[in-house]
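Input: a single structure, listed below in structure tokens.
Since we're looking at a predicted model, the values are computed, not measured. The chain is numbered in sequence order, starting from 1.
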Amino acid sequence: MTYVEQESSPQTPPSAADPAPLGLAAFALTTFLLSAKNAGWTDGTDAWLGYAFAYGGLVQILAGMWEFRNRNVFGCTAFSSYGGFWLGLGLYVALIAGGATPAQEANDLGWILLAFAIFNTYMMLWATQVNQAILAVFVTLEATEIILFIGQFSTSENTIKIGGYIGVLTAVCAWYASAAGIINGMTGRTFLGVGRPLFKHLTSNPQSR
């Protein structure tokens with residue numbers, strides 16, 4: 001009788017772990033690799049490309065899907081979109097850029113970055129409802145994308161280098177937010193501060209991640 005009652009009673013599935021630290025780490029590392037190249041710091045080829053497919057792309061999309069499970073609309077939109085960004089950029093470089101002239105490639109990249117800067121603008125505004133560490137990621141990313149699309153459209157190497165420098169800063173901000181999410185989740189207390197949401201009165205249930 002006891003066994004039957006346990007079988008027939010509804011079981012609450014265990015809650016999923018927070019996927020945000022993983023998604024942020026994947027975004028940070030891939031952004032760092034590409035930004036280091038844009039800044040002119042590397043002497044190799046395209047080390048970022050494989051990670052655009054595997055880490056920044058696939059892993060971020062997985063993080064976005066897990067955010068759907070957690071009913072985090074901001075997280076699932078951000079991680080899935082930027083996972084798609086890295087996959088799309090990787091596919092463009094691997095399959096299309098080789099057959100384009102330098103001017104055509106610069107124009108293509110300029111339009112890609114402009115499109116994502118538009119997307120990032122409203123995500124940056126809504127990041128004010130998450131926390132200040134996440135807001136820092138989107139503010140620096142906004143600056144990175146704007147400077148890079150200006151550099152691509154004008155074919156200015158110096159402008160692209162500046163975009164690379166700010167991209168490295170974006171990666172550092174994302175790594176910090178990732179590290180904070182891991183240690184704060186492990187300890188159950190605020191070990192690394194992330195700051196409170198801004199303008200809390202705008203939402204009835206602001207995300208705290």
Side-chain angles (χ1 to χ4, degrees), residues 12-32 35 55-89 112-149 163 166-209:
T12 302
S15 59
D18 182 6
L22 174 63
L24 287 163
F27 173 81
L29 187 142
T30 315
T31 299
F32 176 79
S35 296
Y55 200 34
L58 176 60
V59 170
Q60 256 199 113
I61 288 177
L62 289 173
M65 297 302 103
W66 287 317
E67 287 287 27
F68 274 107
R69 168 68 175 76
N70 286 344
R71 300 181 183 276
N72 183 344
V73 66
F74 183 91
C76 68
T77 302
F79 290 134
S80 301
S81 295
Y82 275 104
F85 166 81
W86 285 114
L87 283 175
L89 185 62
I112 292 169
L113 291 163
L114 172 59
F116 268 89
I118 294 170
F119 165 74
N120 195 78
T121 297
Y122 66 80
M123 294 298 289
M124 177 182 66
L125 295 175
W126 310 153
T128 61
Q129 302 304 294
V130 184
N131 59 52
Q132 293 171 30
I134 295 299
L135 178 59
V137 175
F138 281 89
V139 168
T140 53
L141 180 57
E142 181 82 356
T144 300
E145 291 174 341
I146 290 173
I147 292 171
L148 284 177
F149 82 64
I166 302 177
V168 170
L169 178 60
T170 303
V172 170
C173 291
W175 265 320
Y176 176 86
S178 173
I182 293 171
I183 190 62
N184 294 348
M186 290 173 63
T187 61
R189 63 184 179 88
T190 301
F191 188 87
L192 289 177
V194 294
R196 296 184 176 182
L198 304 180
F199 317 118
K200 291 179 67 175
H201 64 281
L202 294 181
T203 59
S204 59
N205 184 28
Q207 295 287 345
S208 60
R209 306 198 285 273

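Proximity of Ile134 to Leu24: side-chain heavy atoms (C-beta onward) are separated by under 4.5 Å at one or more points. Put simply, the side chain of Tyr176 does not reach to within 4.5 Å of the side chain of Val137, judged on heavy atoms. Contact annotation: the side chain of Glu67 approaches that of Asp18 to within less than 4.5 Å [non-hydrogen atoms, C-beta and beyond].
The shortest non-hydrogen separation linking Gln60 to Ala26 is CG-CB, 4.0 Å. Shown here for Phe149 and Leu113, the closest heavy-atom pair between the two residues is CB-CB, 3.6 Å. Scanning both residues, Asn72 and Gly75, for their nearest heavy atoms gives OD1-N, 2.9 Å. Between Ser80 and Gly64, the shortest heavy-atom contact is OG-CA, 3.5 Å. The two residues Leu198 and Gln129 have their closest heavy-atom pair at O-NE2, 2.7 Å. Summarising the geometry of Thr144 relative to Gly167, their closest heavy-atom pair is OG1-N, 3.3 Å, with the distance given to 0.1 Å.
Annotation: the span from Leu148 atom CG to Leu114 atom CG amounts to 12.0 Å, rounded to 0.5 Å. The CG atom of Asn184 sits 8.5 Å away from atom CZ of Arg189, with the distance rounded to the nearest 0.5 Å. Distance CG/Asn70 to CE/Met65: 12.5 Å, rounded to 0.5 Å. Annotation: the span from Phe27 atom CZ to Thr30 atom OG1 amounts to 8.5 Å, rounded to 0.5 Å.
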Intermediate values then yes/no, side chain to side chain contact (heavy atoms under 4.5 Å, CB included), Leu87 and Ile61:
CA-CA 10 Å; Leu87 283 175; Ile61 288 177; 3.4 Å; yes
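Evaluated for a ring pair (Phe, Tyr, Trp, His ring centres under 6.0 Å) with Phe138, the options Phe116, Phe119, Trp126, Phe74 yield exactly one hit, Phe74.
Aromatic ring centroids of Phe79 and Tyr82 lie 6.0 Å or more apart.
Scanning for side chain to side chain contact (heavy atoms under 4.5 Å, CB included) contacts around Trp175 gives Ala28, Leu29, Phe32, Ala171, with sequence neighbours left out.
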